[in-house]
A.B. asks: 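Take a look at the following structure, please.
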Amino acid sequence: MTDAPETTAAAQTAGKPPYRHLYLVDGSGYIFRAFFAIPPRMTSHGLHVNAAFGFTNMLIKLLRESDADGIAVIFDASGESFRNALYPAYKAQRDEPPDELVPQFAMIREATRAFNLPCIEKQGFEADDIIATYARQAREAGIDVTVVSSDKDLMQLVGGSVTMLDPIKNRPIGVEEVREKFGVTPDKVVEVQALAGDPTDNVPGVPGIGIKTAAQLIGEYGDLESLLARAAEIKQPKRREKLIEHAEDARISLKLVTLRDDVPLEETLDQFGLKEPEPETLKGFLERYEFRSILNRLADKLGDVVPDEKEAGKGLPLAAPAPAAAPGPLADLAAPAPAPAAAPGAPAYALVRDEAALEAWIAEAVEKGIVAVDTETTSLDPERAELVGVSLATAAGRACYLPLGHRTPSEGEADLLSTPEQVGGSLLEGQIPIERALALLRPLLADPTVLKVGQNLKYDMRILAKHGVTVAPFDDTMLLSYVLEGGLHGHGMDELSELHLGKTPIPYKAVCGSGKSQITFDRVALDTACDYAAEDADITLQLWQVLKPQLATRHLTAVYEVMERPLVPVLAEMERAGIKVDAGILRRMSNDFAQRLEGLEEEIYKLAGRRFTIGSPKQLGEILFDEMGLASQGRKGKSGALSTGADILEQLAAQGHELPRKVLDWRQLAKLKSTYTDALQGQITADGRVHTSYSQAVASTGRLSSNDPNLQNIPVRTEEGRKIRSAFIAEPGHTLLSVDYSQIELRLAADIAGVEALRQAFAEGLDIHAMTASQVFGVPLDQMDPATRRKAKAINFGIIYGISPFGLAQNLGIEQGEARAYIAAYFERFPGIRDYMDRMKVEAKERGYVTTLFGRRVHVPALLDKNPARRQFGERAAINAPIQGTAADIIKRAMIRVPPALERAGLKARMLLQVHDELLFEVPDDQREETAALVKEVMEGAAAPTVNLSVPLVADVGQGASWAEAH
DNA sequence: CGGCTCACG
DNA sequence: GACGTACGTGAGCCGA
């Protein structure tokens with residue numbers, strides 16, 4: 001090995017090393033960082049091994065996934081180094097390492113030897129100097145060098161064929177990263193360090209100069225000596241004096257931070273070529289410290305740990321890129337390399353095709369105690385979706401895809417002669433049978449010691465529940481983001497990835513296409529599917545790593561853990577339950593509407609003098625305002641067209657015009673037909689029920705939203721519309737029970753704004769709108785007329801929304817001046833309201849968000865907009881959000897408590913729907929009364945014990961065979 | 001795909 | 001005095 005011809009530049013080496021890429025691992029640096037970065041971990045004997053475990057995994061990763069064909073691990077020798085002779089205080093004030101860490105120093109050396117890697121240290125020198133020495137030698141010998149460390153003191157080595165790799169973040173550190181950190185190129189790093197100093201190592205530097213200033217000075221003067229020589233030219237007096245006064249400190253600092261690259265060393269470069277580890281030694285080491293996941297992963301190399309391996313290497317979950325050069329001695333430790341030349345830094349993901357591989361991933365997840373999970377299906381609608389595959393991620397950049405239901409791509413059009421198999425496609429080979437795979441996954445996904453991380457896990461839970469798989473415990477990155485940054489941006493994975501990881505995930509469109517040529521995920525080729533699906537799990541895990549720690553630091557743990565996370569399984573169950581809908585009623589209504597619409601259309605055309613598209617605001621506007629010359633309020637929309645909204649048509653109708661009235665009637669029926677009676681029929685599934693989907697991370701205030709279909713906006717305000725609710729029915733022998741909060745937002749406004757008169761009224765159970773009317777308009781309660789009460793009611797709503805004279809005038813159809821006077825009278829009577837409004841505006845402007853009584857943050861970025869309209873919009877939102885948001889918090893708390901309360905009481909009711917202040921249940925007839933009382937009690941007490949409201953919460957109960965009757 | 005309109009709390 | 005108006009949603013239709 002040593003007989004290769006020497007190069008002149010490599011005079012110090014004993015021969016030309018038989019490798020091309022040398023990895024110099026900073027063992028001492030690693031252990032400190034790993035100790036604090038990796039969660040605590042103990043052997044059964046109580047020995048702390050977290051840093052050693054991380055180190056071992058890191059070595060395996062290097063051996064398998066990098067192109068390293070030479071490795072040396074470098075350590076600090078015990079005792080002082082030559083730097084102490086230069087400057088006695090150097091590293092003098094360092095704390096003793098923690099007790100749990102001390103024994104791990106030896107373990108890491110043991111690990112290094114177990115992998116048959118050289119362990120290098122030298123008295124009187126630090127690891128960094130040794131690394132610098134070998135890096136220089138390797139560079140001169142034409143060998144690429146990667147320094148595995150994140151130590152800033154090593155960054156001076158970067159450049160040319162030398163790069164660094166942060167082993168904990170698994171991130172390369174190149175010239176760019178160094179420049180980001182120090183503001184200069186690597187060759188100037190020591191100059192900057194010398195000026196800035198380093199308090200942790202007691203490197204003095206020049207007082208008052210940090211990295212920023214140092215970089216700027218070095219950028220200007222080139223190097224430390226030139227700067228010191230010309231220090232008198234510095235303009236800032238303080239800085240000039242300090243530089244002159246501390247010039248000698250700076251020179252000593254330079255010597256302290258400059259690494260020696262001439263350390264006399266026994267081991268030479270040619271000894272660092274990879275050698276196969278001794279299986280018994282390695283196995284002994286792994287067993288001694290109980291690194292079971294690693295034992296499993298290396299099972300095929302070490303024998304008999306996982307007995308039923310069929311092909312060597314096949315079960316290994318690690319995908320390694322093919323070595324660039326001839327395979328090194330450990331190449332055979334590496335998994336087969338399916339990954340082609342990927343972009344630098346782009347991880348190659350593993351495709352799991354046999355049970356052994358799946359078991360290895362599961363074992364790794366168990367070992368890690370955390371795994372990100374994502375399912376791929378044939379549809380976004382969980383009711384119709386079929387499971388196609390599952391992806392798992394166990395660490396950043398480490399993920400796999402488990403295909404389960406991929407089929408042959410269907411070719412061409414199906415015709416009458418096609419067999420069902422040709423239409424449906426046949427299951428591809430090389431996939432673990434789905435039930436077998438799920439049998440393996442089931443214990444992992446239910447394992448109480450393994451945290452499952454997902455993005456919008458409710459969806460995956462519903463899919464997996466169909467196969468009898470439950471997921472617990474779990475975290476949801478979408479909800480983490482929602483709790484942390486609700487109101488600032490959306491919480492979809494692509495958006496979060498861009499935002500937090502600076503990475504654009506593979507677009508779904510790129511995999512499945514779009515529009516007419518879109519295919520379902522089960523028709524995607526396995527390799528493509530793997531890239532896409534495993535990336536999702538990988539990103540999800542990385543998002544968790546970014547987001548989860550922020551919960552505690554921003555004091556949002558309770559919001560997440562008490563109100564959001566526990567709601568997920570509750571919502572999943574409500575969605576799964578669905579609500580029974582009588583299609584016959586809807587069909588008959590649709591037919592009725594169709595007939596009446598036809599009649600109305602004839603009349604409208606007659607009145608207009610011609611046929612036109614009534615549903616087109618543009619055409620209607622032309623008829624009304626141009627052809628018929630009706631006077632309008634002149635309100636215009638963004639497109640510049642005059643508005644034909646209901647309020648405008650209402651005014652025109654009030655002026656005695658026939659056409660606007662007819663159009664209003666037509667619109668009402670058209671809306672009911674298209675949005676409700678027609679659309680809902682198509683949403684009824686095979687069980688005769690409609691299953692909505694709740695979005696938990698959409699509404700900025702903390703509310704839920706309902707979609708596909710939206711069951712939170714089923715008509716109720718008009719007689720005609722309410723009929724649609726009669727189609728929502730209970731199963732035979734059951735009753736629908738509706739329990740809704742009475743005036744919850746107004747009650748909360750009274751509490752939050754501290755309006756004593758309102759609180760009093762609620763406490764006494766008075767008619768709150770009548771009370772308001774008597775206060776504001778001076779009418780005694782016993783003489784209250786409906787019109788006055790109606791005005792007061794509008795004002796009360798206005799308060800909740802962030803009232804304005806214009807809005808109130810609009811709502812009541814009165815002059816703005818009159819509305820202004822009402823508001824003034826209101827504020828006069830209830831001054832707490834105005835104080836509250838001002839407080840919210842100030843708070844929101846200072847902090848960017850307002851909070852609910854339960855601590856939820858609602859961000860209102862519009863408050864800082866320079867456009868006054870948008871800013872005022874933000875002000876109103878800031879006023880409304882604590883009220884609406886607190887109400888949302890309360891009903892969420894109730895929803896979480898109701899199912900276990902029913903369970904304890906032995907009641908069989910199912911919670912079906914939530915409509916902001918109402919919960920709808922399907923109850924066995926004989927349990928109506930008991931269930932109603934229980935639900936009412938839970939809802940009324942839902943703020944306690946976290947918040948003690950100064951107003952009572954009241955929930956009203958209704959029941960009947962249909963939602964129309966129950967409401 | 002944005003705008004308009006309208007259903008709900 | 002600007003700016004364009006009540007807070008929060010989702011869905012269907014029209015027309016570019």
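Residue numbering restarts at 1 for every chain, and letters A, B, ... go by the order of the sequence lines.
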A.B. asks: Can you find a side-chain donor-acceptor pair between A/N880 and A/T701 that sits under 3.5 Å?
C.D. replies: no
A.B. asks: Within residues 863-890 of chain A, which residues have any heavy atom lying less than 4.0 Å from an atom of DNA chain B?
C.D. replies: A/Q884
A.B. asks: Is it the case that the side chains of A/E818 and A/Y822 hold a donor-acceptor pair, with the cut-off being a distance below 3.5 Å and no angle test?
C.D. replies: yes
A.B. asks: Between C/dA2 and B/dT5, how far apart are the two P atoms, rounded to whole Å?
C.D. replies: 27 Å
A.B. asks: Between atom OH of A/Y801 and atom CD of A/Q884, what is the distance when rounded to the nearest 0.5 Å?
C.D. replies: 8.0 Å
A.B. asks: Just by protein heavy atoms under 4.0 Å, how would nucleotides 1-8 of chain B read 5' to 3' in B, S and -?
C.D. replies: --SSSBBB
A.B. asks: If a stem is a run of at least 3 consecutive Watson-Crick or G-U pairs, both distances under 3.5 Å, which stems include DNA chain C?
C.D. replies: B:1-9 with C:7-15
A.B. asks: Test A/H769 against every option in A/R790, A/R789, A/Q743 by the side-chain hydrogen bond (donor to acceptor under 3.5 Å, both in side chains) rule and name the one that passes.
C.D. replies: A/Q743
A.B. asks: In whole Å, measure the gap between the P atoms of C/dG4 and B/dG3 for me.
C.D. replies: 14 Å
A.B. asks: Is any side-chain nitrogen or oxygen of A/Q619 closer than 4.0 Å to OP1 or OP2 of C/dG15?
C.D. replies: yes
A.B. asks: With the side chain counted from C-beta on, respond yes when A/E485 and A/R857 share a heavy-atom pair under 4.5 Å apart, and no when they do not.
C.D. replies: no
A.B. asks: Do A/P660 and A/L630 come within less than 4.5 Å of each other through their side chains, counting heavy atoms only?
C.D. replies: yes
A.B. asks: State, with a plain yes or no, whether a side-chain heavy atom of A/H489 is found less than 4.5 Å away from one of A/E498.
C.D. replies: no
A.B. asks: So, A/R667 versus A/T644: side-chain donor-acceptor pair below 3.5 Å or not?
C.D. replies: yes
A.B. asks: Any side-chain N or O of A/S700 under 4.0 Å from OP1/OP2 of C/dT9?
C.D. replies: yes
A.B. asks: Which nucleotide in the set C/dG15, C/dG8, C/dA11 lies at the smallest distance from any side-chain heavy atom of A/N707?
C.D. replies: C/dA11
A.B. asks: Name the nucleic acid region contacted by A/I803, choosing base, sugar-phosphate or nothing; use a 4.0 angstrom heavy-atom cut-off, strictly under.
C.D. replies: base
A.B. asks: Would you please say whether a donor-acceptor pair under 3.5 Å links the side chains of A/Q712 and A/Q914?
C.D. replies: yes
A.B. asks: In whole Å, I'd like the distance from the CG atom of A/L808 to the P atom of C/dC7.
C.D. replies: 13 Å
